[in-house]
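Working notes for the structure below.
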2 protein chains.
Amino acid sequence: MKPTIRDVAKMAGVSISTVSRVMNAPETVVESKRLKVLDAIEELKYQPNSFARGLIYRKSFTLGLLIPDIENMYYAGMIRGMQDACIKLGYSLMICNTDRDPERLLSYIDAFHEKQVDGIVFASDMLFPEYYDKLVGCRIPFVMVSSHSDEYDIPSVEVDDEAAAYDAVKFLIELGHKQIGMLGFNDVNSIAGPPRIEGFARALKEFGLEHNLEKVKYASHRFEHAYEASHELFSEYPDTTAVFCVADEFAMGAISYLKDRNVLVPGQVSVVGFDNVRMAGMFIPKLTTIAQPIYELGYRSAEQLHELVTTGSVKVTREKMKHRLIVRESTRER
Amino acid sequence: MKPTIRDVAKMAGVSISTVSRVMNAPETVVESKRLKVLDAIEELKYQPNSFARGLIYRKSFTLGLLIPDIENMYYAGMIRGMQDACIKLGYSLMICNTDRDPERLLSYIDAFHEKQVDGIVFASDMLFPEYYDKLVGCRIPFVMVSSHSDEYDIPSVEVDDEAAAYDAVKFLIELGHKQIGMLGFNDVNSIAGPPRIEGFARALKEFGLEHNLEKVKYASHRFEHAYEASHELFSEYPDTTAVFCVADEFAMGAISYLKDRNVLVPGQVSVVGFDNVRMAGMFIPKLTTIAQPIYELGYRSAEQLHELVTTGSVKVTREKMKHRLIVRESTRER
DNA sequence: ACTGCACTTGAAAAGCTTTTCAAAAAAGGA
DNA sequence: TCCTTTTTTGAAAAGCTTTTCAAGTGCAGT
């Protein structure tokens with residue numbers, strides 16, 4: 001049986017109130033007793049019961065994180081950032097992987113509700129009314145990361161997807177490429193999808209390359225699908241010399257496809273990715289990519305949630321973080 | 001303010017005991033009241049307070065997971081497995097990433113203790129006396145995954161590292177390779193390290209290739225280090241034609257190094273990895289590797305922990321799961 | 001109509017901590 | 001030494017649920 005505050009009190013020969021005080025306001029108890037209590041705590045390895053505490057404070061000091069796919073390398077860095085922020089702010093973190101299953105997401109919200117998490121960070125997904133209603137029904141504060149909501153006024157942190165895509169495509173154009181394709185997210189409800197298409201389009205128009213606008217194929221988050229989509233793209237437009245991919249994993253899929261067809265990257269085709277996951281620098285060739293500040297995104301969203309939880313609102317509700325282009329080995333001048 | 005059982009009781013015009021009963025033993029309350037209560041619950045979106053519940057049950061229905069490095073792809077699959085098992089068994093999962101920092105690990109144990117997790121799964125690390133003492137001091141049941149303890153009698157699930165390494169090296173030998181190197185874990189306290197070296201040695205001896213025994217270089221879990229270690233290996237033994245790597249990430253590091261030196265894989269050198277992380281099938285060339293049942297390892301360890309938590313012991317304390325060799329594109333006959 | 005029984009229901013206690021309030025002790029001043 | 005003020009301490013309540021126990025209701029049998 002775990003020791004309780006009573007056991008500590010008995011061992012130290014004081015009342016439970018005194019024990020509680022040495023833990024929460026040590027300066028109010030005389031040194032002699034304080035030391036006895038501290039010894040007893042040490043001796044019994046006493047740890048206050050967080051259920052009893054939670055009951056009083058009405059706080060669990062736990063944050064929940066909802067991510068669509070834990071096997072996507074993108075989230076590993078984000079989790080690290082969030083966890084570091086949580087340590088700094090005194091929270092524990094409960095990570096739940098929805099596998100992009102709405103049912104599962106909803107049931108995780110229930111779990112969070114029951115566990116009384118103090119707040120939730122909602123990653124990447126689109127905030128459907130169904131989710132929103134449930135969340136506000138449960139009265140759980142939440143923020144969004146790598147996503148945002150136009151319908152509801154929810155704090156969020158993300159990168160400027162349109163500008164980032166524009167930069168990537170502009171880079172390709174400046175390299176001299178004229179036949180440029182794109183691999184986008186086929187998810188109808190993708191948050192990052194549309195703005196990245198817009199960025200692609202804007203760059204194309206700006207440089208009078210509108211004939212590429214239709215060269216977009218879609219894949220659903222995974223390597224294999226990107227491989228397939230590349231096949232479609234290059235079958236339909238065999239003269240394509242550069243591809244902008246909305247995820248590093250897509251870039252890897254594209255490069256694998258090209259490799260299997262014996263076309264050289266970057267020799268014959270240039271490929272640029274998006275995210276700069278850790279693997280981007282390990283792949284062969286190393287990926288030129290748009291880097292998102294992944295760790296910082298996670299860190300910041302936890303901070304933002306903390307702000308929301310403690311003050312009831314956040315100062316900057318729609319925060320943007322800077323992306324940057326990292327030129328490595330998957331692109332070349334034409 | 002979140003609604004409590006009192007609010008539900010008031011709305012339904014019954015006592016709180018009755019409300020509690022419709023949730024925990026519905027058959028004991030007459031239908032008319034039960035329906036009223038159910039309506040009230042629905043109406044208020046009432047969710048029982050898990051603090052109060054935990055206080056009574058002395059259970060949190062939460063499991064803790066301690067992993068060394070969330071950015072290592074190996075753990076993503078494991079987490080998926082554990083999380084699926086947790087859903088099945090009615091637990092929540094709290095994942096903590098120690099970044100291989102003992103201090104941090106210890107402080108996470110404190111956090112788990114305070115949060116009263118019902119049990120902990122301890123992944124990959126070596127169980128130092130310091131950890132063990134703390135865990136038993138906290139009276140938290142725990143199991144180990146991809147690891148085990150020789151000193152203490154702790155339930156564990158893992159792969160047979162010695163046999164797996166043996167199989168990998170034997171495969172290389174049967175391919176006709178005579179000059180075989182190895183990239184191992186440099187971590188002195190690695191659990192998987194020594195048996196994999198032994199497996200390497202056993203295969204070598206069995207086929208009279210003892211002259212390779214010294215061709216082992218060490219790296220510390222990351223791509224960059226494996227790249228460095230490859231440099232050492234090939235500088236010292238330039239005639240090496242095959243490398244056995246104890247992690248897929250090491251294999252990628254080796255292949256990258258070789259690529260930078262313009263040596264072809266598998267054309268001139270064959271490389272075999274270990275783990276079969278998702279990326280193994282995405283890399284160029286796709287990795288030949290020893291596959292661990294990563295998802296199952298995670299799933300099983302959660303089941304095992306559940307068994308330990310509920311019954312106080314487990315039937316099979318040192319469980320082994322089957323590995324298998326997956327031949328892809330990074331190896332070739334000599 | 002009454003007794004006995006089974007079934008329902010509500011009151012109260014327990015689980016552990018924090019905090020308020022009042023009492024006790026100590027310290028300081030005269 | 002006595003009184004006032006400050007500091008320190010303990011008792012008790014609150015926070016929310018489950019569960020035990022006793023009381024209440026309704027029904028069947030005689």
Would you call A/Arg34-A/Asp39 a salt bridge at under 4.0 Å N-O?
no
Could you tell me whether a side-chain N or O of B/Asp118 sits under 3.5 Å from a main-chain N or O of B/Leu63, the two making a donor and an acceptor?
no
In B/S/- notation, 5' to 3', how is nucleotides 15-26 of chain D contacted by protein heavy atoms closer than 4.0 Å?
BBBBBB------
If you draw a 6.0 Å radius around NZ in A/Lys2, do more than 12 non-hydrogen atoms from other residues or ligands fall strictly inside?
yes
Would you sort out whether A/Tyr74 and A/Gln292 count as a side-chain hydrogen bond (donor to acceptor under 3.5 Å, both in side chains), showing the intermediate values?
CA-CA 10 Å; A/Tyr74 181 72; A/Gln292 292 200 50; 3.0 Å; yes
Taking only distance into account, with no hydrogens and no angle test, what donor-acceptor pairs under 3.5 Å do side-chain atoms of residues 40-51 of chain A form with protein atoms, sequence neighbours excluded?
from    : atom 1 : to       : atom 2 : distance (Å)
A/Asn49 : OD1    : A/Phe51  : N      : 2.6
A/Asn49 : OD1    : A/Ala52  : N      : 3.2
A/Ser50 : OG     : B/Glu114 : O      : 2.8

A/Asp7 side chain to A/Thr4 main-chain N or O, any donor-acceptor pair under 3.5 Å?
yes
Basic-acidic side-chain contact under 4.0 Å: B/Arg100, B/Asp187
no
Can you see if the side chain of B/Thr18 gets near the phosphate of C/dT8 - specifically, an N or O under 4.0 Å from OP1 or OP2?
no
Please determine whether a side-chain nitrogen of the Lys or Arg among B/Asp150 and B/Arg318 lies less than 4.0 Å from a carboxylate oxygen of the Asp or Glu.
yes
Taking the side chain of A/Lys33 as its heavy atoms from C-beta onward, which of D/dT9, D/dG10, C/dT8 lies nearest to it?
D/dT9
Looking at five pairs on each end of the helix from C/dA1-D/dT30 to C/dA30-D/dT1, what is the angle between the two axes, given to 10 degrees?
50°
